[in-house]
Protein chains: 2
Amino acid sequence: MKSSAAPPPAGDELPVRGADQAVFRPIRGGNAFEETVERLLQALRLGVVAPGGRLPPGRELAPRLGVSRATLREAVATLQSAGYLESRRGRYGGTFVVAAPPAGARPGPARSRPPADLEDVLQFRLVLEAGAAEAAAARSLTRADREHLTGLLAGCTGAGPADYRRLDSRLHLAVAEVAGSPSLTTAVADVRTRVNELLDAIPLLPPNIEHSDRQHAAVVTAILAGDPEGARSGMAEHLAGTAALLRGFLT
Amino acid sequence: MKSSAAPPPAGDELPVRGADQAVFRPIRGGNAFEETVERLLQALRLGVVAPGGRLPPGRELAPRLGVSRATLREAVATLQSAGYLESRRGRYGGTFVVAAPPAGARPGPARSRPPADLEDVLQFRLVLEAGAAEAAAARSLTRADREHLTGLLAGCTGAGPADYRRLDSRLHLAVAEVAGSPSLTTAVADVRTRVNELLDAIPLLPPNIEHSDRQHAAVVTAILAGDPEGARSGMAEHLAGTAALLRGFLT
DNA sequence: CCGCAATGGACTCGTGCTGATCCCTTGACG
DNA sequence: CGTCAAGGGATCAGCACGAGTCCATTGCGG
């Protein structure tokens with residue numbers, strides 16, 4: 001490193017704090033194929049396409065993802081052999097999300113690693129989601145927005161442990177959606193994906209679910225009532241719950 | 001298209017709100033070369049490297065950006081011919097930011113386009129930066145953090161119009177830095193870049209500068225005092241100022 | 001005065017990815 | 001029962017880009 005015995009000279013300009021790590025970060029996340037697999041998995045886990053639902057056709061999806069059909073097909077093939085997707089040919093065919101995801105499928109990398117970025121994710125999520133809740137409550141929502149929220153809230157309430165993570169994520173995503181900033185929605189989707197990866201490492205208990213349900217209801221109520229402060233604090237409280245859980249289990 | 005007379009069948013699953021536009025977005029921003037140019041410009045405009053300062057050497061920077069040295073060099077060459085950078089060979093050489101940026105350099109694309117995403121950026125920025133200010137105030141800052149903040153605040157106060165945008169950006173970035181979440185810092189840097197592009201289209205008036213200076217001081221004071229609410233509201237107020245300005249000028 | 005170290009600059013090769021084109025499969029509809 | 005539309009599957013040429021290697025330039029230290 002530049003640490004010990006930086007030669008002598010030339011006036012080192014920047015003490016180089018976090019700022020340039022933020023701007024001199026990797027341009028590409030890596031391999032296009034891997035990135036595509038990640039995106040598809042993100043769509044599944046966040047419940048953007050429901051189990052049994054159909055993905056957009058390759059000829060439409062590939063350009064949207066900015067990859068070639070060949071690359072997209074490779075990614076789909078990978079997820080097929082992993083048991084996540086299923087393709088049917090012919091008209092009205094397509095690529096479908098299998099209703100029952102592979103049981104033992106925890107293809108994540110080495111588990112029980114100490115997530116160095118735990119605090120990073122949690123802090124970032126707090127800022128994004130609490131901000132989204134507040135922003136959503138401050139807007140005048142359309143009828144469709146309201147129904148979207150209440151519908152997802154209802155679907156989430158009382159769901160079983162098998163579906164909870166996905167439905168929960170979908171609801172949180174909906175809060176960001178109605179905040180009216182696509183960039184914010186994207187950011188929430190991403191941070192949610194990162195949080196989900198961590199959550200996969202800890203158990204999901206019925207008491208937690210019940211607790212979450214109540215907090216969800218409180219947040220949605222505040223949003224529908226146009227109460228920004230309430231929505232923000234409700235969401236912050238909700239997030240603090242899982243944050244504590246994660247800190248506890250992941251030490 | 002699928003528009004008129006969607007045939008009949010097969011149960012359309014998703015009304016497709018904003019969520020899948022968030023997840024089925026492009027994998028790569030495009031061309032690696034263009035992306036690299038953008039990043040370097042971002043570093044300049046956000047003041048991550050000061051005028052006269054030196055960029056990290058190519059052999060170090062290229063891997064950090066995840067591009068080859070060839071691609072990085074192409075990007076640097078472009079910015080050289082555009083008058084932003086200057087390279088010197090030999091030991092203790094390097095690539096330097098020219099002290100006086102090209103006067104007529106406003107290489108942005110067609111000006112006076114109606115920025116459809118204006119509200120998106122402003123909303124997103126509010127969430128990120130107000131959240132960052134609050135988070136920063138809620139942390140126990142190190143001595144270095146405090147000095148970093150006060151130093152940048154001092155540098156910003158009373159700066160001329162020529163430097164103001166850059167120093168202002170650098171200060172806002174510092175607030176995000178001390179919030180302790182690298183992801184948050186990255187997001188703020190990105191949204192700041194987008195805002196700057198819009199700001200380039202409107203004039204920068206001395207009264208605005210003076211106003212901003214006072215608000216900056218208030219925010220930093222609140223952060224140093226450990227007052228999250230004050231920091232958040234101060235930042236929100238500050239951002240509301242530029243937001244109004246932008247909405248006014250860009251109709 | 002010589003050599004070394006650190007930087008930018010140029011070249012080559014291998015390959016992952018794109019874009020285009022074609023084929024295969026299936027169901028609806030006349 | 002034939003045809004067409006809409007989807008997945010496959011193949012191939014071309015190229016952008018990454019990795020590696022060497023050259024050119026500069027200044028410092030001995």
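For B:Y92, the listed nucleotide lying nearest its side chain is D:dC28; candidates were C:dC17, C:dG9, D:dC28. For B:R89, taking side-chain heavy atoms from C-beta onward, the closest of the listed nucleotides C:dC24, C:dG9, C:dC23 is C:dG9.
In terms of polar N and O atoms assigned as donor or acceptor, the side chain of B:R91 never comes within less than 3.5 Å of the base of D:dC28 in a complementary pairing. Between the side chain of B:R88 and the base of C:dG8 there is no donor-acceptor pair of N/O atoms closer than 3.5 Å.
Between B:R59 atom CZ and D:dG20 atom P the separation is 13 Å, expressed in whole Å. The distance between atom CD of B:E60 and atom C1' of C:dG8, rounded to the nearest whole Å, is 15 Å. Rounded to a whole Å, the CG atom of A:L55 is 17 Å from the C1' atom of D:dG9. As rounded to whole Å, 13 Å separates atom C1' of D:dG27 from atom CZ of B:R54. When rounded to the nearest whole Å, the span between CZ of B:F96 and C1' of C:dG8 equals 11 Å. As a whole-Å value, the separation of A:I27 CD1 from D:dC17 C1' is 13 Å. Straight-line distance from the CD atom of B:E35 to the P atom of D:dA16: 17 Å, rounded to whole Å. For A:Q80 and D:dG9, the CD to C1' distance is 10 Å, given to the nearest whole Å.
Remark on DNA chain D: of its neighbouring residues A:R28 and A:P57, the 5'-side contact belongs to A:P57, judged by nearest-heavy-atom nucleotide. Both B:G94 and A:E34 lie near DNA chain C, and the one whose nearest nucleotide falls closer to the 5' end is B:G94.
Counting any heavy atom pair closer than 4.0 Å across all strands shown, B:G30 reaches no nucleic acid atom.
A:E35 is linked by a side chain to side chain contact (heavy atoms under 4.5 Å, CB included) to B:I27, counting only residues two or more places apart in sequence or in another chain. Partners of A:R88 under the side chain to side chain contact (heavy atoms under 4.5 Å, CB included) rule, at least two apart in sequence or in another chain, are A:F96. Evaluation of the side chain to side chain contact (heavy atoms under 4.5 Å, CB included) rule for A:R89 yields no partner, not counting sequence neighbours.
A heavy atom lying under 4.0 Å from DNA chain C marks the following residues of residues 67-78 of chain B, by number: B:R69, B:R73.
Between B:D20 and B:R25, no side-chain nitrogen of the basic residue sits less than 4.0 Å from a carboxylate oxygen of the acidic one, so the salt-bridge criterion is not met.
The side chain of B:T95 contributes no N or O atom lying less than 4.0 Å from OP1 or OP2 of C:dT7.
Using a 4.5 Å heavy-atom threshold, the side chains of B:C156 and B:R170 count as separate.
Screening residues 26-74 of chain B for ring-ring contact (aromatic ring centres under 6.0 Å, His included) gives no qualifying pairs among residues at least two apart or on separate chains. Listed by first then second residue, pairs satisfying ring-ring contact (aromatic ring centres under 6.0 Å, His included) with a partner in residues 172-200 of chain A read A:H172-A:H216, A:H172-A:H238, not counting sequence neighbours.
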